[in-house]
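Let me begin by presenting the structure, written as structure tokens, before commenting on it.
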Amino acid sequence: MSTANPAAPQGGEIRSPPTHRPPVCPVCCTHSDSSPKRWFPSSTGIPQVTAVGTFLRQRGKKQCPAWQLGVAGGDAGGAHCWDATAARKRTMKPLKLFGMVVFCGLLSPTQGVLSGLSCAISPRAMQQVLSDAIIQTGLLEKHLQGMALPNIMSDRGLLSSSTIITGLHLERSWLPTLSIALLPGIGMQLVVTVHLDLSGNCLMGILSEVIAISLDVTITSNIKSTSFELGTVHVTVDDCFCILGAVKIKLISGLLSLSVHDMVFSHLTATLPGLLCPVMDAVSEIVNVQLLSTLNVVMPVGLKGMVHYHLVGPPFTSGSSLMMDLDGTVQQMGGSIIPHDSYASTLPPLLDGLLVIILRQSFLSSLLALLLHIQPYTFPCSSEAFSGANQLRDSITDLYPTGCTSCPAASPLSIRVECVGNPILLLEPNKATVELSVLLQVFVKRPDGSVIILLLLKADLSLNVRLSISRGSLMLAFSLSRVSLFLESSDIGISEISNLKPHLTKLLVEIYLPRLNAVAADGIPLPDVFGITLMGAELQILLGLLAISV
């Protein structure tokens with residue numbers, strides 16, 4: 001009685017059944033070669049198949065019609081089809097890691113989510129990052145070595161003598177390669193190809209000898225995000241499948257029967273997907289946790305406080321990049337948080353770059369409020385302190401009102417500098433400036449301990465900012481652009497201060513700016529996004545944004 005599937009074509013190339021599943025490459029039931037896969041009617045009416053490789057999904061085993069596998073009788077010595085419906089329920093288990101960012105395909109862009117900084121990563125950068133994390137570190141090889149390969153036993157009803165292969169194990173894995181493809185609005189596809197060398201003991205009848213099996217295998221995983229809640233990205237690993245290349249089998253004696261070849265090949269096609277896909281799941285989990293740690297990090301800002309970088313929404317994919325919105329909680333030592341405004345903005349194009357990070361003006365201002373906080377300090381108005389001290393003292397003396405009895409004649413002057421308010425960073429195309437205010441108090445201390453405040457001035461400063469990247473931090477160097485002076489009060493009645501501006505400007509340049517540059521020397525720490533180095537990064541100052549491109 002014929003077991004041929006009536007739905008299978010009776011000649012020509014194999015065609016997939018009319019479903020929406022990806023094209024399925026039939027399982028070989030004879031031996032490997034480079035010929036196209038074709039049906040050849042036999043005298044029994046059962047289709048026979050010649051195939052170059054095997055396309056397998058990680059599915060639950062069950063008997064199936066021949067057209068699903070391209071295997072005679074739907075089984076052919078151990079090859080099985082995979083039940084897509086049942087397996088989908090098993091493989092789409094959400095992996096609720098704190099993030100799982102790297103392989104996330106996103107539901108939609110984070111529209112309406114406001115953040116302090118955003119970044120876009122190119123597919124080329126993602127491929128390099130994942131290749132380093134999965135292949136270069138030996139992580140994949142370590143997990144492949146942990147595979148437990150089952151014994152192979154022949155079907156006594158089909159073979160003239162019993163054949164058993166025991167102790168099958170991985171000798172080595174080599175020539176691994178990795179590639180990724182972004183699936184816009186869906187997720188990311190990860191493809192790993194590796195050459196496997198297996199060996200074991202082959203018992204044919206009463207003869208036992210070493211068997212060596214060599215094959216290439218390609219493992220493909222589609223990884224998608226399902227939701228984002230409370231800083232956690234929920235993802236599913238979907239549609240893991242394997243493609244087996246040509247399989248080479250050797251015995252020490254060199255006597256390899258076609259039946260043994262077919263038995264081994266059928267066994268591998270039936271068992272390897274169930275071993276390799278869990279390996280990729282485990283590797284993906286480890287790498288996701290490692291890479292996510294670069295996006296959820298607390299970093300010190302000098303000795304004044306810290307910034308906590310974290311995701312504010314799910315990453316999302318376009319055809320050209322993986323994009324993420326982050327924020328930075330800026331906290332002073334002691335617990336007080338410095339707030340900042342946020343607003344939506346467009347990322348500049350990646351072009352041929354690996355990574356682009358944009359930092360928004362308000363977020364950078366909150367960091368400067370922490371970084372540039374200087375405690376009030378006092379110094380004598382003397383030539384040892386700054387070069388224009390004598391000229392400043394003489395100019396102040398000239399401002400004493402006529403007949404002032406309380407004005408000190410020869411008492412030494414002291415100057416106190418105190419920052420007021422928070423600095424404000426202004427970003428314009430190709431220009432960065434910081435506006436801040438300081439109080440300048442010129443006073444005399446009498447022998448009895450009382451203090452006469454000759455002048456209390458407010459100086460509004462506009463500083464040019466030179467930006468650069470060094471050691472993973474944003475470095476800032478300040479120079480004075482403009483000073484505006486305002487008289488707040490005077491205990492002796494001074495009312496005109498215009499003649500003091502050049503001397504006080506020199507004071508600020510020689511005394512205040514060096515202190516300001518000193519406290520900013522460590523820079524603003526930036527997140528180490530997926531370990532992508534910022535060495536050689538280019539800076540572009542836009543309206544309200546600073547773009548860092550690698």
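With sequence neighbours left out, the side-chain hydrogen bond (donor to acceptor under 3.5 Å, both in side chains) criterion links D522 to no other residue. Partners of N390 by side-chain hydrogen bond (donor to acceptor under 3.5 Å, both in side chains), not counting sequence neighbours, listed by chain and number: R393. Scanning for salt bridge (charged side-chain N to carboxylate O under 4.0 Å, His left out) contacts around R124 gives an empty result, with sequence neighbours left out. With sequence neighbours left out, the side chain to side chain contact (heavy atoms under 4.5 Å, CB included) criterion links A282 to H143. Applying the side-chain hydrogen bond (donor to acceptor under 3.5 Å, both in side chains) rule to T220 yields no partners; only residues at least two apart in sequence or on another chain are considered. With sequence neighbours left out, the ring pair (Phe, Tyr, Trp, His ring centres under 6.0 Å) criterion links H340 to F363. By the salt bridge (charged side-chain N to carboxylate O under 4.0 Å, His left out) test, E418 pairs with R416, sequence neighbours left out. Q189 pairs by the side-chain hydrogen bond (donor to acceptor under 3.5 Å, both in side chains) definition with N222, not counting sequence neighbours.
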Let me check something: any side-chain donor-acceptor pairs from residues 398-414 under 3.5 Å, sequence neighbours excluded? List them with distances.
from : atom 1 : to   : atom 2 : distance (Å)
Y400 : OH     : P408 : O      : 3.3

Only pairs under 3.5 Å count here: list side-chain donor-acceptor contacts from residues 440-450, not counting sequence neighbours, and write none if there are none.
from : atom 1 : to   : atom 2 : distance (Å)
D448 : OD1    : S450 : N      : 3.0
D448 : OD1    : S450 : OG     : 2.7

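With S115 contributing its side chain and L326 its backbone, the two residues share a donor-acceptor pair below 3.5 Å.
Sorted by first and then second residue, the pairs that involve residues 452-467 and meet side-chain hydrogen bond (donor to acceptor under 3.5 Å, both in side chains), not counting sequence neighbours, are S437-D460. Residue pairs meeting the salt bridge (charged side-chain N to carboxylate O under 4.0 Å, His left out) criterion with at least one partner in residues 170-195, sequence neighbours excluded, are R172-D197.
Taken from CD1 in I524 to CG in L364, the straight-line distance is 5.5 Å, to the nearest 0.5 Å. Between atom OG of residue S473 and atom CG of residue L526 there is a gap of 6.0 Å, rounded to the nearest 0.5 Å.
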